[in-house]
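Note that this is a predicted model, so its numbers are computed, not measured.
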Amino acid sequence: MTGTLRTPGTPGTPEAVKRPGRWAALAVLVLAVLLVAVDVTVLGLATPYLSEDLRPSGTQLLWIGDVYSFVIAGLLVSMGSLGDRIGRKRILLVGSTAFGAVSVLNAYATTPELMIAARALLGVAGATLMPATLALIRNLFHDPRERSLAIGVWGAAASAGMAVGPIVGGLLLEHFWWGSVFLINLPVMAVLVVVGARLLPESRNPDAGPWDPVSVVLSLVGMVGAVYAVKEAAAHGFGWGPLAAGLVGAAALYGFVRRQRVLPVPLLDLRLFRSRGFSGAVLADLMTVLGLSGLIFFLSQYLQLVQGRQPLEAGLAELPAAAGAVAAGLIAGRAARRLSVRAVVSGGLAAIALALAALTAIGESTGYPVLGGALLVVGLGAGFSFTVTADVILSSAPKEQAGAASAVSETAYELGAALGIALLGSVVTGAYRGFSGPPGTPDTARESLGGAVDAAAHMPPGAGSQLLDAARQSFVDGLAIAAGAGAAVLLAAAVAAWFLLRGQGLDGRPGEH
C-alpha cells in the first residue's frame, strides 16, 4: 500500500525508505516487459507463414498487425488509472494471466477474422501490463539515480525481448507451425504470476476516487475511431466511412477531455500536460515510434521473402537493433545527467533519422553490413531516447498518479505504432500493388508479398519467376519510400525535442538552460 511508503527526501539527501527486495521485484517486472516485447516481434516474423495459412487480404494483414495497438492505445489510460485505484500489483497479475490465456487463442486462430479478434483481446490484456510495471518502478525506487537505472533496465529488457523473440520464434517456425510463436508467452506468464505474487509489493493511490466507466468508453471510442479513420483514409482515400469514424472519434476524445476537467478525481489529470518536459517527452515518443513502425513491421518480410533468409537467420539479422538499445538504455540516465536531457534525446532521434535515410538506398541484394549497421544505429538512438523520456515522464508526475502517467507514455508509444503501421504501411502496400506482373497474375498476389510468393509457386516456372521479380522489386521500392518518410518524421522529432526539452532535467528538477 502506498500509505506505508514515506515521501522520498529531496535530491542529494538520504532517502526516507529504500525498500528491501526492490531489485528482485524489478526482475519480476522485467518478465512482464519481455512478455509484451516478445509478442510484438514474433508477429512480424510469423507474418509470411500466417499469410500463407490464413490467406488474409492486404487490409486484413494490416489489421492483424495494428488492431492490437488500436485497442491497447484506447485502454492504456483507463487501465493505468484502474491500477492506481485497485492496486498495480493486482492488475499486473490479472493482466498477465489474461495475456497468456488469449495468446492461446492467437495461436489457434483459423481465419483472418478470428485472428483480428484475438489480437484485439490481447490488446485489452496488454493494456494492463506496461503502465503497471512503470508505476511499480516509480513506487519501488525513490532514489532518482536508482530509478534511472531501473528504468534503463526496464527499457533494456524490452529491447532484449525484441531480440529474443525473433530468435526463439525463428527456431519454432523452422520446426513447428506459426501459432507456436504465441505459445512462448505461456511459460513467461506462469513464472511472472507465481513469483510476482510473492515478491511484488502492492501499491495504489489511497485517494484515487471512483473509476469512471463513461470516461473509459469515451477514451476507447475516441482512440479507435480516430486511428481507424487515419488508417482507412491512408489505405483507400477519403470517403464517408473514414470521415464518419473520424468525427465520432474526435467527438469522443473531446468529450473525454471535457469530462476529465469537471470530474472531482479524473481518470487522467490533464494538469500533467502543463509541464513542458512531460508534454515534450510524450510527443517525442509518439513521433519516434510513428517514424519507425511502418519500416520495422515490414522488415522481417523483406529479410525472408525478398532476401530469402530462413526465420532464424532473419531473427538473428535483427539482433543489432536490440543490442544497441540494451547498451544505450543502461547508460542513458548517466549520459543525460552528464550532458543534458535534450542533447541525449535529440541526438538519439537524429541518429535514428540518419540510419533510416541510409536505408532509402535499400535494394533486393543490399548487403548485411549496411542493414546491420543501420539497425545498430537505430537501436542506440532508440535506447537513449526512450529511456530518458520515460524517466522524464515518471519524474514529472506525483507517485500517486504513476499509473496514469505511465499510461500516457505507453499510449503515445502504441498510438505511434498504430499510426506508423497504418500510414507508412499503407505507403508500402500502395507502392507494392502497382507492379506489372505476367498475364494471369491472380489478385491475391497484389494483396501482399506473401500472397505473391504463394501464387508464384502454383504458376509455370517462367511466369512464377517473373511475378516474384516484379513483386519483390515493387515491395522494396515501397520500403525505401517508407524509410525516407520515417527519416523525415524522426528529424522533425529531434528538432521538436531540442526546443521542448530545453531546461529539462531528471529527478523532477530543472536541467541546463
Side-chain angles (χ1 to χ4, degrees), residues 27-56 60-61 63-69 71-72 92-130 133 157-197 296-297 300-301 303-304 310-316 318-319 322 417 450:
V28 177
L29 300 180
V30 162
L31 288 177
V33 176
L34 286 170
L35 191 73
V36 176
V38 166
D39 177 78
V40 171
T41 53
V42 297
L43 176 64
L45 198 67
T47 295
Y49 298 87
L50 185 153
S51 298
E52 183 180 352
D53 191 15
L54 302 184
R55 299 182 182 278
Q60 286 176 324
L61 191 62
W63 269 110
I64 290 170
D66 60 23
V67 69
Y68 173 84
S69 295
V71 174
I72 203 171
L92 176 66
L93 297 182
V94 171
S96 298
T97 303
F99 197 93
V102 178
S103 294
V104 177
L105 182 60
N106 279 259
Y108 291 99
T110 54
T111 65
E113 293 80 8
L114 182 58
M115 187 67 185
I116 292 170
R119 295 291 295 168
L121 289 175
L122 203 66
V124 177
T128 66
L129 301 182
M130 301 301 274
T133 58
S159 302
M162 295 177 69
V164 170
I167 294 170
V168 175
L171 284 170
L172 291 172
L173 288 169
E174 290 186 3
H175 297 91
F176 304 100
W177 97 114
W178 59 265
S180 62
V181 301
F182 295 103
L183 298 182
I184 59 178
N185 291 336
L186 297 181
V188 179
M189 176 275 294
V191 173
L192 190 159
V193 172
V194 172
V195 179
I296 298 302
F297 180 72
S300 291
Q301 295 180 63
L303 292 170
Q304 293 178 77
Q310 294 300 310
L312 177 58
E313 186 185 1
L316 291 171
E318 298 179 33
L319 195 58

Mind checking the [atom1]-[atom2] spacing from [X] to [Y]? Nearest 0.5 Å is all I need.
{"X": "Asn106", "Y": "Leu114", "atom1": "CG", "atom2": "CG", "result": "8.5 Å"}
{"X": "Leu93", "Y": "Met189", "atom1": "CG", "atom2": "CE", "result": "11.5 Å"}
{"X": "Phe99", "Y": "Leu129", "atom1": "CZ", "atom2": "CG", "result": "6.0 Å"}

Apply the test side chain to side chain contact (heavy atoms under 4.5 Å, CB included) to residues Tyr108 and Met115: give CA-CA distance (whole Å), side-chain angles for both, the deciding distance (0.1 Å), then the verdict.
-> CA-CA 9 Å; Tyr108 291 99; Met115 187 67 185; over 6 Å; no
Report the residues that fulfil side chain to side chain donor-acceptor pair (under 3.5 Å) with Ser51, sequence neighbours left out, ordered by chain and then residue number.
->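 So Ser51 forms no side chain to side chain donor-acceptor pair (under 3.5 Å) with any residue.
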Return the set of residues passing salt bridge (Lys or Arg N to Asp or Glu O under 4.0 Å) with Glu313 (not counting sequence neighbours), or none when no residue passes.
->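 Salt bridge (Lys or Arg N to Asp or Glu O under 4.0 Å) list for Glu313, sorted by chain: Arg309.
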Any residue meeting side chain to side chain contact (heavy atoms under 4.5 Å, CB included) with Thr97, in chain and number order, not counting sequence neighbours =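 By the side chain to side chain contact (heavy atoms under 4.5 Å, CB included) rule, Thr97 matches Val193.
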Looking at residues at least two apart in the chain, or sitting in another chain, which of them share a side chain to side chain contact (heavy atoms under 4.5 Å, CB included) with Ala120?
->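 Scan of Ala120 (side chain to side chain contact (heavy atoms under 4.5 Å, CB included), adjacent residues dropped) gives Val67, Val71.
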Quick one: are [X] and [Y] in side-chain contact, heavy atoms under 4.5 Å?
{"X": "Leu186", "Y": "Val104", "value": "yes"}
{"X": "Leu105", "Y": "Phe182", "value": "no"}
{"X": "Ile72", "Y": "Val124", "value": "no"}

Which atom names give the shortest non-hydrogen contact between [X] and [Y], and what distance separates them?
{"X": "Ser96", "Y": "Leu192", "answer": "OG-CD2, 3.3 Å"}
{"X": "Ile64", "Y": "Arg119", "answer": "O-NE, 3.5 Å"}
{"X": "Pro56", "Y": "Pro112", "answer": "CA-CG, 3.9 Å"}

Check the pair Ser103 / Leu183 against side chain to side chain contact (heavy atoms under 4.5 Å, CB included), numbers first and verdict last.
-> CA-CA 6 Å; Ser103 294; Leu183 298 182; 5.8 Å; no
Quick one: ring pair (Phe, Tyr, Trp, His ring centres under 6.0 Å) partners of Phe176, sequence neighbours excluded?
->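 Partners of Phe176 under the ring pair (Phe, Tyr, Trp, His ring centres under 6.0 Å) test: none.
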Only distances under 3.5 Å count here; give the side-chain donor-acceptor pairs of residues 30-38 to other protein atoms, sequence neighbours excluded, each with its distance to 0.1 Å.
none

